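What you see is a predicted model, and the numbers here were worked out from it, not measured in a lab. Just so it is clear: chains get the letters A, B, ... in the order the sequence lines come, proteins before strands, and each one is counted from 1.
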There are 2 protein chains.
Amino acid sequence: MNKKPTIKEVAKYAGVSPATVSYVLNGVKKVSNETKKRVLEAVDQLNYYPDFTAISLSKRKSNLIGIMLPLIEDTPASVFKNNFYYTEFVSGVELVSRNRKFDTMITGVGNPEECRQWVKKRNLDGLIFLGLFPEKLYNEMKTLNIPIVLIDTYEKYTNLFSNIQVNDELGGYLAASHLIELGHKDIAFIATDLKSSPVDAKRYQGYKRALQETGIKFNEKLTYQTYDITFEHGKKVAEEILKSEQKPTGIVTVSDVLAIGIMKALQMKHIQVPNDYSIVGFDDLSISEYTTPSLTTVRQDIFEKGKYAANLLINAIESEDVEHQTVELPVELIIRQSTKAL
Amino acid sequence: MNKKPTIKEVAKYAGVSPATVSYVLNGVKKVSNETKKRVLEAVDQLNYYPDFTAISLSKRKSNLIGIMLPLIEDTPASVFKNNFYYTEFVSGVELVSRNRKFDTMITGVGNPEECRQWVKKRNLDGLIFLGLFPEKLYNEMKTLNIPIVLIDTYEKYTNLFSNIQVNDELGGYLAASHLIELGHKDIAFIATDLKSSPVDAKRYQGYKRALQETGIKFNEKLTYQTYDITFEHGKKVAEEILKSEQKPTGIVTVSDVLAIGIMKALQMKHIQVPNDYSIVGFDDLSISEYTTPSLTTVRQDIFEKGKYAANLLINAIESEDVEHQTVELPVELIIRQSTKAL
DNA sequence: TTAATTTAGTTAACCGGTTAACCGGAGGGG
DNA sequence: CCCCTCCGGTTAACCGGTTAACTAAATTAA
């Protein structure tokens, strides 16, 4: 209906040229106080606010940041993969970007070309990559010439891009140490993929360090990989454990989701947690306090991670800063009901 | 680096004017096959793809749809409110909008003015409102002149906007009927807010109908309202129930989240589910299969709802269709372990 | 006093597309 | 043979801002 006013209308109302209005609004060139006042008055009267599309076209800057998620596929199953994690993270990003006058777009990633087109088509000012992506994509990123923040990424890229990590090694260490203190000696480690996931690998290191420091012999047979993070995959690995000859009494996992799946599978076979098995999760998702038994876990503040990522990214965008920063957020052991002294 | 080519460069390469390239690409004006071929060839050679910002400016059409969420506040608690629901929904929207060459933006809503500015600034082509918003916002919407899809909204707006509902009445009916069949007579109903939430109100109607049809007297005292959907609020209402004189044996809730909170609170007091209380949830979130006991619930396909919403919206955008559609998606009772014959 | 510089503002090109208006040539009708 | 229409294309204005280059007036320096 009542179309929003353009800068020209504001200019006419204030009796100046459009350029002057632009200068006042951007504060990039000196304008007399008198004129400035008139322009601001006009802006106020007409309820003017600039058209980001136009700004984007002329400045090549969109006030838009993109979040890349590794996979949002058609099948519900894979959409939900990790979904708790994603939501909390995205909420954090959205919050700070909104406060800082940026808008947020989300997409699943296809190939590198698709990614580049997305950025170029929309003039994206910055990008957050959540999780792990095909190698080719990282090369593509460098040619994009916009600030990029990587979350939970490969070690080798931490010098090339800003990135946010969590003290994963310590997390693994805390989880294992907790079980050891409770008297456990046969402690399984459940990862998704130790080769491809650096996050898992570091937690694994921490786990091994805890064993070593207390003189417990590391047993390869107690390491499992699920290759995916779903409740279902947790269930499957529990069955493997039950079939194995080397039975653990304690289980360290890389995700609450996996831990919950494992607990469920055990309980369905009337095996008790924590009486028969002690289980430690990772993340401290909101659900983890409400499972039965509630889950002992290594907490990381995912929401905070999202906020941090957005601030880091927008700082880089606004300051044209080329420094790459590596940030490590803390972890904390939360002891609940799923672990118990042997 | 190697800047992406503009339409002018494509035109030069093909030996035609930019206008012709535009006509070929948009198929809006007749172009000879010969020329068309040359243009397409040039597009291919130069790897041209159009700049959406420019298109957006000249066409006043952005290929962008917005999702409005009721509240994403600073406190983690409120961010997570409903988060499972949001994620699944947003995933669905993202999937189809990406397939249909649209991009998706998400934001929390502030006041109506903020909403209007968001739409205008970005030239948004359509909007999805998930949940309930302040009354003033709905008036604002109508003046926006873009297609809008409302999800789970007030009855009175269903003629004014396209909207997607679920058969909530049936859902409430199924939940209550299930408990009645199991021999329960004292059945509590846990809503968030019966006055302001039409969704809850309809489920409540279904619940009452089930009672009535089987000749069970409705007892007002068995109705509870939590005013929010969090695990914590579930816990609180469980404590209220335990303090009440009118103890139910069955509990119908409007959300799995609430149901899980209730179960947890009961179990912490060593009260057994389903032995002492039978509980029915609503939604069938992915977690609900993995609680202990697993949750009997009324399933709605939230992911599907998101896909449906996006398709409806984009259809409206592309066809300039002014018809408002009301869609009702089915519900289904999923019987698991949290309910048991009395 | 005059030239040089600073100040405050305007003009106009530009960002990368779209599209209404225009134009020259071929074909058809009277 | 002339006029009209249709076809296939081009030209140029426009979308709503930004900003380099310019200008006129005021101030400063010589």
Side-chain angles (χ1 to χ4, degrees), chain A residues 2-40 42-43 46-64 101 117-125 145, chain B residues 2-40 42-43 46-64 101 117 119-125:
Chain A
N2 39 41
K3 234 179 67 29
K4 89 191 189 67
T6 69
I7 202 170
K8 280 169 196 151
E9 297 168 307
V10 173
K12 190 187 293 178
Y13 189 98
V16 297
S17 72
T20 302
V21 177
S22 175
Y23 288 135
V24 170
L25 262 23
N26 293 301
V28 51
K29 213 183 150 186
K30 192 120 192 65
V31 175
S32 75
N33 285 333
E34 170 58 29
T35 316
K36 199 179 287 182
K37 221 179 79 187
R38 283 218 317 285
V39 168
L40 260 15
V43 164
L46 302 180
N47 186 26
Y48 170 81
Y49 48 97
D51 185 321
F52 278 37
T53 305
I55 294 180
S56 183
L57 185 58
S58 68
K59 279 205 205 174
R60 264 77 283 291
K61 157 143 184 26
S62 58
N63 261 262
L64 220 44
K101 307 298 172 206
Q117 290 202 7
W118 190 49
V119 170
K120 295 292 182 184
K121 272 189 332 199
R122 298 283 182 196
N123 262 307
L124 262 33
D125 292 339
N145 281 342
Chain B
N2 41 40
K3 234 178 68 30
K4 87 190 188 73
T6 69
I7 202 170
K8 280 169 197 153
E9 296 168 308
V10 173
K12 189 188 292 178
Y13 189 97
V16 297
S17 72
T20 302
V21 176
S22 175
Y23 289 135
V24 169
L25 261 24
N26 293 300
V28 51
K29 212 183 151 187
K30 193 120 192 61
V31 175
S32 76
N33 284 333
E34 171 56 28
T35 315
K36 199 179 289 180
K37 221 179 80 187
R38 282 219 317 285
V39 168
L40 261 15
V43 164
L46 302 181
N47 187 27
Y48 170 81
Y49 48 96
D51 184 322
F52 277 38
T53 306
I55 294 180
S56 182
L57 185 58
S58 68
K59 279 207 208 175
R60 280 53 293 289
K61 161 148 183 19
S62 57
N63 262 264
L64 219 45
K101 308 299 172 206
Q117 290 201 6
V119 170
K120 295 291 182 184
K121 271 189 334 199
R122 297 283 183 196
N123 262 307
L124 262 33
D125 292 340

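To the nearest angstrom, P of C/dC14 lies 18 Å from CD1 of B/Ile7. In this structure, B/Glu34 atom CD and D/dG8 atom P are separated by 12 Å, rounded to whole Å. A/Lys12 places its NZ atom 17 Å from the C1' atom of C/dT10, with the value rounded to the nearest Å. The NZ atom of B/Lys121 sits 17 Å away from the P atom of D/dG16 (whole-angstrom rounding). Note: CG (B/Asp51) to P (D/dC15) measures 19 Å, nearest angstrom. We find that CD1 of B/Ile55 is positioned 17 Å from P of D/dG16, with the value rounded to whole Å. Here the P atom of nucleotide D/dT10 and the CZ atom of B/Arg38 are 9 Å apart, to the nearest Å. Between the CG atom of B/Asn26 and the C1' atom of C/dG17 there is a distance of 9 Å, given to the nearest Å.
Counting only heavy atoms from C-beta on, A/Lys30 has its side chain closest to C/dA8 among D/dT18, C/dT10, C/dA8. Side-chain atoms of A/Ser17 lie closest to C/dT11 of the nucleotides C/dC15, D/dT11, C/dT11. Closest approach to the B/Tyr48 side chain among C/dG17, D/dT10, C/dA8 is made by C/dG17 (side chain taken as heavy atoms from C-beta onward). With D/dG16, D/dT19, D/dG8 as the candidates, the nucleotide lying closest to the side chain of A/Ser22 is D/dT19. When the nucleotides D/dC15, D/dG17, D/dT19 are ranked by their closest atom to the side chain of A/Tyr23, D/dT19 comes out on top.
Contact annotation: the side chain of A/Arg122 approaches that of B/Leu64 to within less than 4.5 Å [non-hydrogen atoms, C-beta and beyond]. Using a 4.5 Å heavy-atom threshold, the side chains of B/Asn123 and B/Lys61 count as separate.
Judged by distance alone, the side chain of A/Asp125 and the main-chain N or O of A/Ser62 form a donor-acceptor pair under 3.5 Å.
In this structure, A/Arg60 reaches the C/dG16 phosphate: one of its side-chain N or O atoms is under 4.0 Å from OP1 or OP2. Distances shorter than 4.0 Å separate none of the side-chain N or O atoms of B/Ser58 from OP1 or OP2 on C/dT18. Side-chain N/O atoms of B/Thr20 include one lying less than 4.0 angstrom from OP1 or OP2 on D/dT10.
The local environment of NZ in B/Lys12 is sparse, with at most 12 non-hydrogen atoms from other residues, nucleotides or ligands closer than 6.0 Å.
Each of A/Thr6 and B/Val16 has a nearest nucleotide on DNA chain D; the 5'-most of these lies closest to B/Val16. Take the nearest nucleotide of DNA chain C for B/Val21 and for A/Thr35: the residue whose nucleotide is more 5' is A/Thr35. Toward the 5' end of DNA chain D, the nearer of the two residues B/Lys29 and A/Pro50, judged by each one's closest nucleotide, is B/Lys29.
Taking the ring axis of B/Tyr49 as reference, the NZ or CZ atom of B/Lys4 stays within 45° of it and closer than 6.0 Å to the ring centre.
Across all strands shown, B/Leu57 has heavy atoms under 4.0 Å from base atoms, whether or not it also approaches the sugar-phosphate.
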